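Just below is one structure, and these are the notes that go with it.
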Amino acid sequence: MSYYFKFSPDLKSITMQETYSHASIEADIQKYWLDNNIFNVTEDPDKEKYYCLSMFPYPSGKLHMGHVRNYTIGDVIARFQRMQGKNVMQPMGWDAFGLPAENAAIQNNVPPAEWTNKNIVDMRSQLQKIGLAVDWNRELATCKPDYYRWEQWFFTRLLKKGLVYRKKATVNWDPVDQTVLANEQVIDGRGWRSDAIVEQREISQWFLKITDLGDELLNDLTQLDGWPRQVITMQENWIGRSEGVQLDFTVADSEEVLSVFTTRPDTLMGVTYVAIAPQHPLALQAAKNNATLGQFIEECKQVKSAEADMAVMEKKGMATGTYATHPLTGKQVPIWVANFVLMSYGSGAVMSVPAHDQRDWEFAKAYDLPIKAVIAAVGETSVDISACAFTEKGVLIDSGEFTGLSSADAFSKIAETLSAQSKGEKTVNYRLRDWGVSRQRYWGCPIPIIYCDSCGAVPVPEADLPVVLPEKVVFDETGGSPIKKMPEFYETTCPSCGKDATRETDTFDTFFESSWYYARYCSPNNDEKMLDERADYWLPVDQYIGGIEHAILHLLYARFFHKLMRDEGLVKTDEPFANLLTQGMVLAETFYKEPDKGAKQWIAPSALDINLNDKGQVQSATMKTDGSPVIYAGMSKMSKSKGNGVDPEVLIKQYGADTLRLFSMFAAPPDQSMEWSDSGVEGAQRFLNRLWRQLYLHLQALGDSSAQSLNPEKLNDNESALRRKLHLTITKVSDDMSRRFTFNTAIAASMELLNEVGRFQFKGDNAIALRHELLETLVVMLSPVTPHICQAMWVALGHEGLIVDQPWPEADESALEQSNVELMVQVNGKLRGKIKVAADAEKQEIIDIAMTEENVLRFIEDKTVRKTIVVAGRLVNIVAN
RNA sequence: GCCGGAGUGGUGGAAUCGGUAGACACGCGGGAUUCAAAAUCCCGUUCUGGUAACAGAGUGUGGGUUCAAGUCCCACCUCCGGCACCA
């Protein structure tokens with residue numbers, strides 16, 4: 001193998017050839033970084049710390065472009081911050097529990113642990129080829145007992161504090177495979193393997209009281225000014241704090257009470273029925289003597305409990321035949337079973353005011369229930385209750401003693417009246433529901449609980465932790481959890497009384513692991529404690545980077561967990577992530593064939609000949625194998641199922657990591673989706689080649705002599721303008737990198753500058769010195785994005801050591817000054833000319849010059865000037881008619 | 001359905017605080033180099049009219065505010081993300 005150039009092992013010299021080859025350079029530099037622990041960091045109280053974190057990957061076995069994009073964004077930020085002089089920590093690890101390992105186990109007959117561990121090895125080596133500035137000493141995998149033991153311990157602490165409880169909740173039950181299915185395993189209401197109609201089943205599960213911290217989770221969002229506005233809004237809406245009244249309807253001829261929450265107690269006098277969930281005990285009771293009702297309740301079990309499914313399904317209901325007593329009027333209203341009322345949300349019952357709630361209105365219309373208007377519009381607006389519900393606030397009518405009150409007054413008055421009679425109370429309610437953490441799956445962290453007939457649910461004592469998940473298991477076709485069939489796992493004795501007892505076989509939701517990994521990175525290898533004082537140095541995370549799809553669940557659970565850890569004295573801050581950057585998806589072209597019968601068959605673009613028209617659009621595509629035509633389906637998310645993914649490992653081999661990184665950062669701003677383009681990658685490579693060649697030619701011109709120091713005073717006008725451009729570019733790139741995170745425009749500005757350097761005639765030693773400043777600065781500014789080639793060029797420029805330890809360039813204010821500025825001249829808002837004026841010209845002077853501009857005159861000569869507007873440094877607008 | 005976001009040339013995108021629409025790149029067209037090709041370099045490239053200068057139109061659709069709107073306001077259309085057991 002021949003090397004175009006070769007580093008000396010100490011990074012002290014390089015023989016630069018005319019053309020750039022990534023092959024040897026990248027591997028050499030990566031090895032240097034790893035061997036010399038360049039990115040391993042320790043706590044240094046004298047330096048400003050910077051914790052840069054990208055969401056850790058699920059070890060699927062194959063790196064995809066989404067990963068490359070995510071980790072490159074983080075890496076660019078980490079390197080940039082290090083060049084700002086900060087003590088930067090960028091860790092990496094594995095979100096290693098989860099469903100895909102179980103699927104692989106069924107498919108390939110490999111135990112999930114073995115499959116996962118192999119994937120981690122493969123993916124680590126793929127990740128390292130991207131050239132990330134990662135401290136690999138901190139690596140963790142959530143499926144290792146030394147990680148998950150701490151969340152088991154923490155769970156038992158929470159249990160003792162009363163923040164954990166057990167209640168029944170619905171799951172998707174596959175009656176054929178006799179197993180619980182994840183939502184994604186239910187397709188059109190059927191089990192993905194068995195094709196059996198899935199039922200909703202109620203089983204006992206563990207919950208964390210996230211609603212206890214609802215107010216704090218909401219209020220502390222105001223601390224997160226480094227988060228995108230949209231994510232804050234989504235979290236606010238998700239938490240959905242509302243103030244209302246919790247009130248009781250008594251069930252006629254019974255001791256039972258139906259407790260309901262309403263945000264509109266002012267409409268209480270308009271209640272004409274009460275709706276309860278199909279699983280509600282009262283519904284089940286009523287069904288005992290009512291076969292039709294029983295059948296309806298059975299049907300309701302077939303609707304998936306996902307909110308989206310609930311929202312679009314047909315609203316159905318049936319009368320129970322029982323009645324509830326209105327708390328104020330004492331009148332009887334019918335109790336209906338409704339398929340849209342969730343048992344697991346609130347008390348499983350709602351009061352219905354069809355006149356003033358659209359969903360209740362539609363239900364009442366469908367089942368011919370009475371509609372009683374109790375709110376009238378304020379002012380002249382008339383309300384037609386027969387067309388739709390009137391949901392605004394207004395003035396109470398037909399409401400007995402409350403008639404005439406405004407909605408706001410009635411809210412308090414009715415709440416007081418209920419309270420005085422002990423029938424209700426003002427309450428704060430959240431849309432947010434408590435976090436169900438039980439999963440009936442194998443590949444997860446065992447929930448550390450032992451069930452004893454005498455003592456109940458007993459937490460596993462600290463000394464017995466961790467409860468280790470057995471890794472040598474055999475999966476059967478149904479996908480049921482193997483540990484549920486392993487007596488050697490679940491048979492145990494009660495820690496309290498010593499009698500025979502049963503271990504919990506459910507495992508934690510994998511969001512449990514991802515809720516605190518960012519903190520554990522700060523205290524690696526501590527087998528005495530979950531976290532230690534090192535976490536106080538690093539936390540909070542200064543910059544968190546990950547997919548927008550995690551905007552709600554993961555980020556909310558992690559914020560919640562952080563507050564729980566704070567209350568336990570494990571961390572000192574209120575919030576885990578000071579700044580958040582949400583990256584968009586990676587898209588690629590998709591093609592499919594549509595067989596006569598059956599579903600679309602997706603074809604990988606690599607298997608096709610794609611014909612473009614003369615405008616470069618996809619015209620048609622045919623199979624490489626037999627020339628048969630396929631259909632172009634536009635851009636969609638890269639995925640296995642659509643076969644439109646590209647393999648980063650192959651691309652790195654072909655183009656190099658720098659080219660791939662450069663393209664990923666250049667193609668779109670990080671928060672937008674990014675379209676994959678083969679020719680775009682080639683364009684990125686061309687740019688690196690041009691940069692390399694410019695530097696090569698420059699160094700050739702210099703020969704053995706080193707560049708003179710630049711004398712800015714002696715530059716001619718063109719040279720000064722070019723130098724001004726350089727320092728403007730420094731300002732722009734610095735802002736793009738640190739504040740805006742628009743790496744695409746930072747790169748574009750560097751390209752623009754290099755284009756000018758290529759066109760410029762540098763004559764004389766001082767001009768050559770200017771070119772040296774230009775190229776050297778470009779190399780430094782591009783180094784966070786393309787660290788390998790820039791390191792090589794840095795050495796070629798005659799420097800020793802690491803470019804990542806160079807200070808970031810600062811713009812020279814004196815280079816930015818200019819004597820003349822160009823202004824646009826508009827007439828009636830339309831651009832008609834351009835003028836050059838002195839930078840300090842007065843307004844009148846500018847207008848006078850603008851008025852003499854030939855093309856401007858054409859548009860104003862037969863008109864009267866009514867107004868002139870001068871925007872400093874930008875434009876002049878002359879209003880004339 | 002609910003919550004959040006996005007729509008700009010042939011394409012990805014730029015225009016940061018209401019002030020030059022289309023930076024930068026891809027693609028395409030033309031040229032140079034070459035025996036030829038690849039690679040590289042140079043020029044052109046929103047649309048319409050015009051040799052050109054220039055003019056008119058133009059940022060999903062329809063209205064509005066303003067000297068000035070891709071940017072602000074109202075209504076709508078389409079696409080994307082999330083909706084609690086995919087991660």
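FYI, side chains are in, hydrogens and waters are out, and symmetry mates aren't considered; it's all heavy atoms of this structure. Residue numbers start from 1 in every chain, and the chains themselves are labelled A, B, ... in the order their sequence lines are given, proteins ahead of strands. Everything numeric in this text was worked out from a predicted model, so none of it was measured.
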What nucleic acid atoms does [X] come within less than 4.0 Å of, heavy atoms only: base, sugar-phosphate, or nothing?
X       : value
V186(A) : nothing
R686(A) : sugar-phosphate
I869(A) : base
P669(A) : sugar-phosphate
F663(A) : nothing
W238(A) : base
A306(A) : sugar-phosphate
Q440(A) : base
R740(A) : base
V180(A) : base
M585(A) : sugar-phosphate
R690(A) : sugar-phosphate
K315(A) : nothing
T868(A) : nothing

Would you confirm whether [X], through its side chain, and [Y], through its main-chain N or O, come within 3.5 Å as a donor-acceptor pair?
X       : Y       : value
N877(A) : I869(A) : no
H22(A)  : Q654(A) : yes
Q235(A) : A551(A) : yes
D736(A) : A746(A) : yes

OP1 or OP2 of [N] less than 4.0 angstrom from a side-chain nitrogen or oxygen of [X], does that happen here?
X       : N      : answer
R832(A) : U20(B) : no
K725(A) : A23(B) : no
N237(A) : G4(B)  : yes
N755(A) : A23(B) : no
N744(A) : G12(B) : no

query: Is there a donor N/O on one and an acceptor N/O on the other, under 3.5 Å, for the side chain of K830(A) and the base of U20(B)?
result: no
Side-chain-base donor-acceptor pair under 3.5 Å for N877(A) and C67(B): yes
field: Euclidean distance for C1', U11(B) against G1(B) (whole angstrom)
entry: 35 Å
message: So, applying side chain to side chain donor-acceptor pair (under 3.5 Å) with S194(A), which one of T179(A), D177(A), D174(A) is it?
response: D174(A)
task: Between Y58(A) and G683(A), name the one whose nearest nucleotide on RNA chain B is closer to the 5' end.
output: G683(A)
task: Assign each of Q826(A) and L99(A) to its nearest nucleotide of RNA chain B by heavy atoms, then name whichever residue's nucleotide is nearer the 5' end.
output: Q826(A)
Can you tell me how far [atom2] of [N] sits from [atom1] of [X], to the nearest Å?
X       : N      : atom1 : atom2 : answer
E549(A) : G82(B) : CD    : C1'   : 9 Å
H550(A) : C80(B) : NE2   : C1'   : 16 Å
E184(A) : G82(B) : CD    : C1'   : 15 Å
F97(A)  : A87(B) : CZ    : P     : 12 Å
E853(A) : U20(B) : CD    : P     : 17 Å
F508(A) : A84(B) : CZ    : P     : 21 Å

message: Check this for me: does any side-chain nitrogen of one of K484(A) and D506(A) sit under 4.0 Å from a carboxylate oxygen of the other?
response: yes
- request: Would you kindly say whether Y557(A) and D509(A) are connected by a side-chain donor-acceptor distance under 3.5 Å?
  value: no
So which nucleotide from [options] ends up closest to the side chain of [X]?
X       : options                : value
T233(A) : G4(B), G1(B), C67(B)   : G4(B)
L432(A) : A23(B), A84(B), U20(B) : A84(B)
N855(A) : U20(B), A55(B), C83(B) : A55(B)
Q672(A) : G13(B), C26(B), A84(B) : G13(B)
A748(A) : A23(B), G27(B), U20(B) : A23(B)

message: Run K725(A) and E752(A) through salt bridge (charged side-chain N to carboxylate O under 4.0 Å, His left out) and show every step you take.
response: CA-CA 10 Å; K725(A) 174 98 179 172; E752(A) 216 177 318; 2.9 Å; yes
Syn/anti state of G27(B) by chi, 90° boundary around 0: anti
- prompt: Is the base of C74(B) syn or anti, where syn means the angle lies within 90° of 0?
  reply: anti
field: For RNA chain B, stems built from three or more consecutive Watson-Crick or G-U wobble pairs below 3.5 Å
entry: B:1-7 with B:77-83, B:10-12 with B:24-26, B:27-32 with B:40-45, B:46-49 with B:54-57, B:60-64 with B:72-76
message: Are more than 12 heavy atoms, taken from residues, nucleotides or ligands other than K315(A), located less than 6.0 Å from that residue's NZ atom?
response: yes
message: Please check if the number of heavy atoms outside E854(A) that lie under 6.0 Å from its CD is greater than 12.
response: no
